[in-house]
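What follows is a set of notes on a single structure, which appears directly below.
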Amino acid sequence: MKIVAIAVSKSKGTPKAPIARALLVPDHGIEGDGHAGDCHRQVSLLDADQIEKVRQAGLKVAFGSFAENIATVGIDWKHVPVGTRVMLGAEAVIKITQIGKTCHRKCAIYYRAGDCIM
């Protein structure tokens, strides 16, 4: 697995902006991100291939457009069992607590792509 993008936003429910580096705080999430804190879903992961499929469908999306914190290649997150521990970089270890998330309100990307990739 390789990390290809890291993104954060100040509040939940908004697209995230790519950043060059991040600090993963134990039992908190990514410093400065709206999802960090007392929650079981502190960091969201997305397979970059899913983003590329949406791009190939003609949509203009960037890393962070799906509110994902970390985009990767080499692992299909839908098939990683809950409870699995994953090494990010040389020092950080995360635990998978949920697969996917409920699309509470369908965004413009859903209507253009016909599906939610999260």
Side-chain angles (χ1 to χ4, degrees):
M1 181 221 16
K2 178 181 174 184
I3 296 172
V4 295
I6 303 169
V8 297
S9 64
K10 292 291 180 194
S11 59
K12 294 180 180 183
T14 61
K16 297 184 183 295
I19 57 174
R21 299 184 67 106
L23 176 63
L24 186 61
V25 179
D27 299 317
H28 181 76
I30 295 177
E31 185 176 70
D33 185 65
H35 281 98
D38 189 22
C39 171
H40 80 282
R41 226 177 55 213
Q42 297 167 341
V43 176
S44 66
L45 308 163
L46 184 60
D47 179 357
D49 290 340
Q50 296 296 319
I51 298 168
E52 185 56 31
K53 286 179 187 176
V54 173
R55 285 183 185 148
Q56 289 177 1
L59 295 157
K60 293 191 186 301
V61 294
F63 292 120
S65 292
F66 299 96
E68 79 282 358
N69 292 113
I70 300 174
T72 63
V73 293
I75 189 163
D76 185 353
W77 294 107
K78 294 181 304 223
H79 301 290
V80 176
V82 170
T84 300
R85 295 186 185 278
V86 178
M87 191 84 176
L88 296 178
E91 298 177 18
V93 178
I94 62 168
K95 179 179 167 184
I96 304 301
T97 60
Q98 179 178 330
I99 304 300
K101 64 181 182 181
T102 302
C103 189
H104 296 289
R105 58 180 173 82
K106 294 177 175 59
C107 65
I109 293 169
Y110 174 89
Y111 288 111
R112 290 174 56 200
D115 196 9
C116 179
I117 67 172
M118 291 302 282

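Fair warning: this is a prediction, and the values are worked out from it, not measured in the lab. Heavy atoms only: backbone and side chains are in, while hydrogens, waters and symmetry mates are out.
Ile6 and Ala22 make their closest contact through CG2-CB, 3.7 Å (heavy atoms, listed as atom of the first residue, atom of the second, distance). Shortest non-hydrogen contact noted between Ala5 and Phe63 is CB-CG, 3.3 Å. Of all non-hydrogen atoms in Ala67 and Lys16, the two that sit nearest each other are O-CE, 2.9 Å. Scanning all heavy atoms of the two residues, the minimum distance from Thr72 to Met1 falls at CG2-SD, 3.6 Å. Pro15 and Ser9 get closest at one heavy-atom pair: O-CB, 3.5 Å.
Between the side chain of Gln98 and the backbone N or O of Gly100, at least one donor-acceptor pair lies under 3.5 Å. The main-chain N or O of Asn69 is found under 3.5 Å from a side-chain atom of Ser44 such that the two form a donor-acceptor pair.
Between the CG atom of Asp33 and the NZ atom of Lys12 there is a distance of 9.5 Å, given to the nearest 0.5 Å. Between the CG atom of Leu46 and the NZ atom of Lys78 there is a distance of 9.5 Å, given to the nearest 0.5 Å. With rounding to the nearest 0.5 Å, the separation of CH2 in Trp77 from CD in Gln50 is 13.5 Å.
Screening residues 49-59 for salt bridge (charged side-chain N to carboxylate O under 4.0 Å, His left out), with sequence neighbours left out, gives Glu52-Arg55.
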Using distance only, find each side-chain donor-acceptor pair of residues 24-31 under 3.5 Å and give its atom names and separation, not counting sequence neighbours.
none

Exercise answer: donor-acceptor pairs, residues 83-93 side-chain atoms, under 3.5 Å, sequence neighbours excluded:
from: Thr84; atom 1: OG1; to: Pro81; atom 2: O; distance (Å): 2.7

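Residues Ile70 and Ile94 have side chains not in contact (no heavy-atom distance under 4.5 Å, counting atoms from C-beta outward).
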